[in-house]
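Report on the structure given below.
All ligand and atom numbering here is 1-based and tracks the order in the structure.
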Amino acid sequence: MTIPDKQLAAVFHNHGNPDNVKFEEVPVAEPGENEVLVNIKYTGVCHTDLHALQGDWPLDVKLPLIGGHEGAGVVVKAGPGVNRLKIGDRVGVKWMNSSCGNCEYCMKSQETICPNIQLSGYTVDGSFQHYCIANATHATLIPESVPLEVAAPVMCAGITCYRALKESGVQPGEWICIPGAGGGLGHLAVQYAKAMAMRVVAIDSGEDKKELVKSFNADVFVDFKTDDVVEMVKEKTGGGAHGTLVLSTSPKSYEQAAAFARPGSTMVTVAMPAGAKLGADIFWLTVKMLKVCGSHVGNRLDSVEALDYVARGLVKPFYKVQPFSTLPEVYHLMHEGKIAGRIVLDLSK
Ligand SMILES: [Zn+2]
Ligand SMILES: [Zn+2]
């Protein structure tokens with residue numbers, strides 16, 4: 001196949017609103033040492049992409065930036081020193097673009113906290129372009145049985161939920177409580193939790209969300225608008241959840257989580273609303289001996305395992321495919337909280 005010199009990419013030059021995103025012609029990059037060029041076929045759109053656009057976080061963004069970190073495509077060119085991947089391989093481009101491999105964290109396979117980490121669609125250009133550079137060590141091989149459009153949302157949302165569930169320490173048969181269970185991350189978290197033999201309390205609101213999480217076999221649904229969340233979780237779980245995965249962007253979720261958590265359990269923070277602080281009562285955190293643990297994305301093995309659950313039919317991302325050109329609209333919908341599941345962009349359109 002011939003690789004063009006130039007391509008269309010969704011670029012923003014300055015932080016701001018979705019109208020700052022422009023489709024521009026940019027050069028196709030040349031893969032360097034241990035890098036591959038990936039022809040992106042599909043890419044998910046994650047809330048983090050919106051945070052990067054808005055400049056919400058205290059972590060510098062490359063500018064101008066091509067966002068996107070849920071890419072799925074095909075390797076079309078390999079740079080010098082690439083042994084692991086070959087042309088034609090189907091790979092995922094995820095949030096973790098690369099890590100140094102040599103620091104104390106990388107040596108412990110905690111590569112997501114490597115101080116030299118590079119992030120796709122944040123510190124380096126990401127998947128909102130037809131040809132994207134990926135690190136050959138970190139790009140995730142996608143099993144043949146998993147369509148690329150299905151793999152795309154797994155590359156951030158799926159890996160993130162899967163790793164966070166591991167961090168919760170909840171054992172088979174124990175209760176995991178998931179505030180925000182009906183959202184883009186939540187609907188995957190419910191499925192991974194069930195596949196990992198956990199019992200699930202899903203917290204969200206409305207009949208649509210209830211139907212969605214029940215279709216993934218959540219054991220209990222708690223409506224935060226109409227139910228007494230703390231009392232109901234305690235009652236249904238016989239004394240509190242063994243672990244809580246906070247995927248809701250409401251700081252109130254943390255207060256409630258500290259109240260319904262089983263003594264000795266872990267609360268895992270995943271959602272990162274701009275400027276939010278942890279609002280849990282320190283008295284209860286202390287006397288219940290609760291652990292609070294942050295978790296973002298996962299390491300290379302988490303990525304492979306997260307895709308394997310999908311390949312085995314245990315987890316099915318809920319998504320809608322739209323043309324690449326609709327990215328600005330997707331940001332608007334996301335900003336208004338109007339997206340159910342995930343939106344996956346088709347780069348061919
Ligand atoms: Zn993401
Ligand atoms: Zn490192």
How open is the angle at the Zn ion (ligand 1) from atom NE2 of His69 over to atom SG of Cys156, rounded to 10 degrees? 110°
Hey, is Lys41 close enough to Glu149 for a salt bridge, meaning N to O under 4.0 Å? no
Please verify the inter-ring angle class for Tyr162 with Tyr309; under 30° counts as parallel, over 60° as perpendicular, anything in between as tilted. tilted
Do NZ/NE/NH1/NH2 and the carboxylate oxygens of Lys210 and Asp223 come within less than 4.0 Å? no
Quick one: are the ring centres of Phe216 and Phe318 less than 6.0 Å apart? no
Would you call Lys194 and Asp219 a salt bridge, using N to O less than 4.0 angstrom? yes
Show your reasoning for whether side-chain hydrogen bond (donor to acceptor under 3.5 Å, both in side chains) applies to His138 and Ser99. CA-CA 8 Å; His138 282 272; Ser99 64; 3.1 Å; yes
Would you check if the Zn ion (ligand 1) lies under 2.8 Å from any N, O or S atom of Cys46? yes
Listed protein N/O/S atoms, distance to the Zn ion (ligand 2) under 2.8 Å: Cys100 SG, Cys103 SG, Cys106 SG, Cys114 SG
Gap between atom CG of Asp125 and atom CD1 of Ile133 - 0.5 Å precision: 9.5 Å
